[in-house]
**Q** 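After the structure tokens below, expect a handful of questions from me.
What you see below is based on every heavy atom in this structure, not just the backbone, and it leaves out hydrogens, waters and symmetry mates. Small disclaimer: the values here were computed from a predicted structure and weren't measured. Whatever order the structure lists ligands and atoms in, that order sets their numbers, starting from 1.
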Amino acid sequence: MSDSDLNLETAARGRAGAVAVPAAAISHAARVVYPGSAISKGDVAAYYAAVARWMLPELANRPLSLLRCPDGVGAACFFQKHHADALGEHVQAIALREKSGSVDDYLYVRDLAGLLELVQMNALEFHPWGAQVDRPDAPDRLVFDFDPAPGVPWSAVVLAARRIRAQLQELGLQSFVRTSGGKGLHVVLPFRRGPDWDAAKRFCETLAKAMVARHPQQYIATASKSRRKGRIFIDWLRNTRGATSVCNWSLRARAGAPVAMPLRWEELGRVQGGAAFDLRKALRRAAALKRDPWDGIGTLQQVLPEL
Ligand code: ATP
Ligand code: MN
């Protein structure tokens, strides 16, 4: 049995309040990270250990941006995408070309040990690329990010996600849904590696703009803030090399410790909002789950069509 298995086993038996990871790995475990919810750094580590079984398939072996909050939520947090040796020995480096043309080390993890080292470095949010480290220029995930303007009812966000799903189904494509842990929903389309980022992004753009053409009062697919009023912004623009989306099961650095939660489509109607799952609910769900809500995503070999 590996160290990771050991951690998982202890964590599965732990509860939200208990530090179920080796105490030595997490310093300042009692330090409060979510002031309003009395959630400590130890709780955060125990959370990630408990959900790692479900989280790692979408996290591991993808270049990763972190949101680190050394002084907890409510204080200054910062995004980090570059590797540093200080992050830990299980945090991997991958040399990637920057937009500027230079090459720099990005970071990724392979396993629970790496994930917990990042938690030790006060990472709260995990944002992977839609591509894996062995082929960073060959995406395998597209994300339709539904961002409702203030006042748009949740039922409209759900409808939008279902409409994209139906569009994809008409093309013979299976998609998956998660709450963002914030205001909205993400619909994720997995596909077989082959198309480059430009082709993948074009596909997303075409679908998003078709939705807008059909329902111009309800949706918008351009980043214009002024025209967004009362509408849902279908953000397809982030499907580009170097962009990220929040990972399934990632905590958000927002009050209440909300979580980005993968759902089965049949569950969506019972979910109350983008932040419906918090750390405690997510822990209960992880413990009760028999199957991954995104079961099958790893073996689907669907081909992204040319539109
Ligand atoms: P919400 O439902 O509240 O919109 P979200 O996670 O979808 O939550 P967005 O602002 O819509 O948040 O951003 C979409 C994705 O883009 C995020 O999940 C994140 O991965 C990435 N992102 C957003 N802002 C940044 C940033 N400043 N630096 C790096 N990545 C970012
Ligand atoms: Mn969003």
**Q** Between atom CZ of F144 and atom CZ of R163, what is the distance when rounded to the nearest 0.5 Å?
**A**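 So the gap between those two atoms works out to 15.0 Å.
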**Q** Among all the protein's non-hydrogen atoms, which is closest to atom 18 (O) of ligand 1, and how far away is it?
**A** V246 N, 3.0 Å
**Q** Y108 versus R62: any side-chain heavy-atom pair under 4.5 Å?
**A**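 Side chain of Y108 against side chain of R62, heavy atoms only: no contact under 4.5 Å found.
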**Q** When rounded to the nearest 0.5 angstrom, what is the spacing between CZ in R254 and CG in L124?
**A**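 Reported to 0.5 Å precision, the distance equals 12.0 Å.
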**Q** On the six-membered ring of F233, is R228 placed so that its NZ or CZ lies under 6.0 angstrom from the centre and within 45° of the ring axis?
**A**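 Relative to the ring axis of F233, which defines the angle, R228 lies inside both limits.
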**Q** Under 3.5 Å, is there a donor-acceptor pair between the side chain of W294 and the main chain of V177?
**A**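 Between the backbone of V177 and the side chain of W294 there is a qualifying donor-acceptor contact (under 3.5 Å).
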**Q** To which protein heavy atom is atom 7 (O) of ligand 1 closest, and what is the distance rounded to 0.1 Å?
**A**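 Going by distance alone, atom 7 (O) of ligand 1 is nearest to H186 NE2, 2.7 Å.
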**Q** Among all protein non-hydrogen atoms, which one is nearest to atom 12 (O) of ligand 1, and what is the separation to 0.1 Å?
**A**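 Minimum-distance protein heavy atom for atom 12 (O) of ligand 1 reads R254 NH2, 4.2 Å.
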**Q** Given ring-ring contact (aromatic ring centres under 6.0 Å, His included), test F176 with H186 step by step and report yes or no.
**A** CA-CA 8 Å; F176 297 82; H186 296 174; over 10 Å; no
**Q** Indicate if the distance from the Mn ion (ligand 2) to the nearest N, O or S atom of D235 falls below 2.8 Å.
**A** no
**Q** Parallel, tilted or perpendicular, judged at 30° and 60°: which one describes the rings of Y106 and W129?
**A**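 It falls in the perpendicular class, over 60°.
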**Q** Enumerate the atoms of ligand 1 whose separation from the nearest heavy atom of G184 is less than 4.0 angstrom.
**A**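 Counting atoms of ligand 1 from 1, those under 4.0 Å from G184 are 2 (O).
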**Q** Can you tell me which residue and heavy atom of the protein come closest to atom 10 (O) of ligand 1, and the distance to 0.1 Å?
**A**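 Scanning the protein heavy atoms, the shortest distance from atom 10 (O) of ligand 1 goes to R238 NH2, 4.2 Å.
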**Q** In D147, which N, O or S atom comes closest to the Mn ion (ligand 2)?
**A**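 Going through the N, O and S atoms of D147 one by one, OD1 ends up nearest to the Mn ion (ligand 2).
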**Q** Applying a strict 4.0 Å limit to heavy atoms, is E125 in contact with ligand 1?
**A** no
**Q** Please list, in number order, the atoms of ligand 1 under 4.0 Å from a heavy atom of D147.
**A**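 Reading through ligand 1 atom by atom, the close ones are 4 (O), 11 (O).
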**Q** Contact between ligand 1 and S65 is defined here as a heavy atom of the residue under 4.0 Å from a ligand atom; is it met?
**A**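 So S65 does not count as touching ligand 1.
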**Q** Centres of the F191 and F203 rings: under 6.0 Å?
**A** no
**Q** To which protein heavy atom is atom 31 (C) of ligand 1 closest, and what is the distance rounded to 0.1 Å?
**A** F79 CZ, 3.9 Å
**Q** How far is atom 2 (O) of ligand 1 from the closest protein heavy atom, and which atom is that?
**A**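 For atom 2 (O) of ligand 1, the nearest protein heavy atom is S180 OG, 2.4 Å.
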**Q** I'd like to know if R252 contacts ligand 1, where contact means a heavy-atom distance under 4.0 Å to any ligand atom.
**A** yes
**Q** Might you work through the salt bridge (Lys or Arg N to Asp or Glu O under 4.0 Å) test for R241 and D137, ending with a clear yes or no?
**A** CA-CA 7 Å; R241 190 182 183 278; D137 294 311; 2.6 Å; yes
**Q** List the closest protein heavy-atom neighbour of atom 9 (P) of ligand 1: residue, atom name, distance to the nearest 0.1 Å.
**A**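 Among all protein heavy atoms, the one nearest atom 9 (P) of ligand 1 is D145 OD2, 3.9 Å.
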**Q** Return the residue, atom name and 0.1 Å-rounded distance of the protein heavy atom closest to atom 19 (C) of ligand 1.
**A** H127 ND1, 3.1 Å
